[in-house]
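Quick note on labels: first sequence line is chain A, next is B, and so on, each numbered from 1.
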There are 2 protein chains.
Amino acid sequence: MIPLVNEASGTNEVDGDRPRRADAVRNRALVLAAASDVFAEQGARAQVEEIARRAGVGVGTVCRNFPTKQALLQAVLNSSYESVLETAERALESPDPAEAFEQFFITLPGFHVRHRAFAEQMANELELAAQPVRDKLMAAISELVTRAQDAGALRKDIGPADVSMLLSGVAHATALAGDLQPMLRERYVRIILDGLRPGDTAGLPGRAVSFAELRRAKQRHAK
Amino acid sequence: MIPLVNEASGTNEVDGDRPRRADAVRNRALVLAAASDVFAEQGARAQVEEIARRAGVGVGTVCRNFPTKQALLQAVLNSSYESVLETAERALESPDPAEAFEQFFITLPGFHVRHRAFAEQMANELELAAQPVRDKLMAAISELVTRAQDAGALRKDIGPADVSMLLSGVAHATALAGDLQPMLRERYVRIILDGLRPGDTAGLPGRAVSFAELRRAKQRHAK
DNA sequence: GTATAATAGGAAGGATGATTCCGCTTGTAA
DNA sequence: TTACAAGCGGAATCATCCTTCCTATTATAC
């Protein structure tokens, strides 16, 4: 389902060691692909056995390749981050900042919806693996926001973390709406985009917070 | 935490049967109150033992009063619905429809956040218990929306289900933001309210859907 | 083709958490 | 005050999943 970017261990080589058996390499890839689908559909609660079944291997094989379910999930999420990052970077290439921002804004919730586990992760932000890709993604979002603001297409009192949260809210709200989902998703994104335009509206309460600040608050909260 | 309205079995009478023992009645109420707190804090994943501990009773007592955890959750949610319904009806009493709508709109996500299990239920909508209160709540929301539209304070292409989903999105997005949460919640509600005002903005894609239609889509989706 | 070690599969083990059960306690009524 | 059934607590049971382990299989090197 997700195009797996930069698939770990996609080759026969294990650094500094013997080459692994061809079937082992293939099975690992099958597991990763199956896990990607299953986590996307069912979120992090998906069962290991289901993943094994879809990959056409035994549970033992899954667990040998990924010591815990958590590790498997992280591997899958890493791919998801890379995929979203790619979308953001493609948007950044657009010459029109307003256009770039809107485009990204419309695309992201759809991705969230199609990848439940990813959405959960974006919301929870508790695991620290995948940090490098994550950071790059946030940098890209920040850039999109700043450019849109400089172009006068986005109110100034908005920060990148606000964008990220609003989008995940839309994704969550529409996640279970069945076949109405794409329509509703776009409706809500449009409503929010309207609310985000600079204009004669009153200033927002509070202040734009950075991703870092938001993360600290979440950690404090998690006790 | 929630003021329990209309607490089931708050009296000694069991219809058509002997009165129940006083301590049993008291314990049932304690369990319900504890469950309300615990589900509010932790969502539906809260453990029965934790509820029993906070109620100061054994797990056996919890399970005797409510045959399954699901039943207990339903009882709690019923109270939550009544409480939200009360808020909506209070808002309807306000003479200014725009004011009434905004007031409700600002209050609801806070309620969601404080009552995790309720928010999950609003989003999932899979249980059919609590249907009567639910229906009344939706009627009240519809009324708030229609009045606000007639007063020219709300764009016309919005339906009550849209309002409900947007609010639950805000709740979800901000749920884990720790002490920043109230601030962010209000920011996002304001942004959405701005986006919902009638104005020179382009029309929304799709169409406003009713609660009933939304429910059907969800059921279809749940397979 | 054979020897060997890597890998597979899936049953057994372990952890967590809901539900049941049973001997003891206590409220209620005569 | 006593008798007794309702109700209590919490250990035992059951269910669900993740993880480990052991035997059988199979890729690979010679």
Student: Between A/Glu49 (CD) and D/dT20 (P), how many Å, whole number?
Tutor: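 Computing the A/Glu49:CD to D/dT20:P distance gives 17 Å.
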Student: I need the CD1-P distance between A/Ile51 and D/dT19, as an integer number of Å.
Tutor: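 Interatomic distance, CD1 of A/Ile51 to P of D/dT19: 11 Å.
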Student: Would you please confirm or rule out a distance under 4.0 Å between OP1 or OP2 of D/dG7 and any side-chain N or O of B/Asn27?
Tutor: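 So the side-chain polar atoms of B/Asn27 never come under 4.0 Å of the phosphate oxygens OP1 or OP2 of D/dG7.
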Student: Rounded off to whole Å, could you give me the NZ-to-P distance for the B/Lys69 and D/dT16 pair?
Tutor: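 Rounded to the whole Å, the gap is 14 Å.
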Student: Identify which nucleotide among C/dA18, C/dT28, D/dG7 has an atom closest to any side-chain atom of B/Ala24, counting heavy atoms from C-beta outward.
Tutor: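 Output: D/dG7.
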Student: Could you tell me whether the side chain of A/Lys69 and the main chain of A/Gln47 form a donor-acceptor pair under 3.5 Å?
Tutor: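 The answer is no, because no donor-acceptor pair under 3.5 Å joins these two groups.
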Student: Measure the distance from CG on B/Leu73 to C1' on C/dA18 and round it to the nearest whole Å.
Tutor: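 It is 14 Å, rounded to the nearest whole Å.
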Student: Checking contacts here: which listed nucleotide (C/dA18, D/dG7, D/dC18) is nearest the side-chain heavy atoms of B/Val48?
Tutor: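 In terms of side-chain proximity for B/Val48, the closest of C/dA18, D/dG7, D/dC18 is C/dA18.
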Student: Roughly, in whole Å, what's the span from CG in B/Asn65 to P in D/dG9?
Tutor: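 Computing the B/Asn65:CG to D/dG9:P distance gives 10 Å.
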Student: Please report the distance, rounded to the nearest Å, between CD in B/Glu50 and P in C/dT19.
Tutor: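 Those two atoms, CD and P, are 16 Å apart.
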Student: Examine distances only and state if a side-chain atom of B/Thr87 and a backbone atom of B/Ser83 form a donor-acceptor pair shorter than 3.5 Å.
Tutor: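 Yes.
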Student: Within this structure, what is the CZ-to-C1' distance between B/Arg26 and D/dG7, rounded to whole angstrom?
Tutor: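 Rounding to the nearest Å, CZ of B/Arg26 and C1' of D/dG7 are 11 Å apart.
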Student: Is the gap between the ring centers of A/His112 and A/Phe118 under 6.0 Å?
Tutor: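 Ring-ring flag for A/His112/A/Phe118: true, centres closer than 6.0 Å.
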Student: Mapping B/Asp23 and B/Phe66 to their closest nucleotides on DNA chain C, which lands nearer the 5' end?
Tutor: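 Mapping each residue to its closest nucleotide by heavy atoms, the 5'-most match is B/Phe66.
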Student: Give one of base, sugar-phosphate or nothing for A/Ala71, where a contact means two heavy atoms less than 4.0 Å apart.
Tutor: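 Contact class for A/Ala71: none.
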Student: Between B/Ala46 and A/Gly58, which residue's closest nucleotide on DNA chain C lies nearer the 5′ terminus?
Tutor: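 The 5'-side residue here is A/Gly58.
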Student: Tell me whether the side-chain N/O atoms of A/Arg64 come closer than 4.0 Å to OP1 or OP2 in C/dA8.
Tutor: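 Yes, because at least one side-chain N or O of A/Arg64 sits under 4.0 Å from OP1 or OP2 of C/dA8.
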Student: From C-beta outward on A/Ala22, which listed nucleotide comes closest to its side chain: D/dG9, D/dA27, D/dA11?
Tutor: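 The closest nucleotide is D/dA27.
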Student: Just compare C/dT7, C/dT20, C/dG17 and give me whichever is closest to any side-chain atom of B/Cys63.
Tutor: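 Selected nucleotide (nearest to the side chain): C/dT20.
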Student: Determine whether A/Glu86 and A/Lys136 satisfy the following criterion, salt bridge (charged side-chain N to carboxylate O under 4.0 Å, His left out), listing intermediate values before the conclusion.
Tutor: CA-CA 10 Å; A/Glu86 221 173 84; A/Lys136 270 198 248 177; over 6 Å; no
Student: Inspect the surroundings of CD in A/Gln42 and state if more than 12 heavy atoms from other residues, nucleotides or ligands are less than 6.0 Å away.
Tutor: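 For A/Gln42, atom CD is crowded (more than 12 foreign heavy atoms under 6.0 Å).
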Student: Using atom CD of B/Gln47 as one end and atom P of C/dG17 as the other, report the distance to the nearest whole Å.
Tutor: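 From B/Gln47 CD to C/dG17 P: 4 Å.
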Student: If you only use heavy atoms from C-beta on, which nucleotide in D/dT28, C/dG27, C/dG10 is closest to the side chain of B/Arg21?
Tutor: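 Comparing D/dT28, C/dG27, C/dG10 against the side chain of B/Arg21, the answer is C/dG27.
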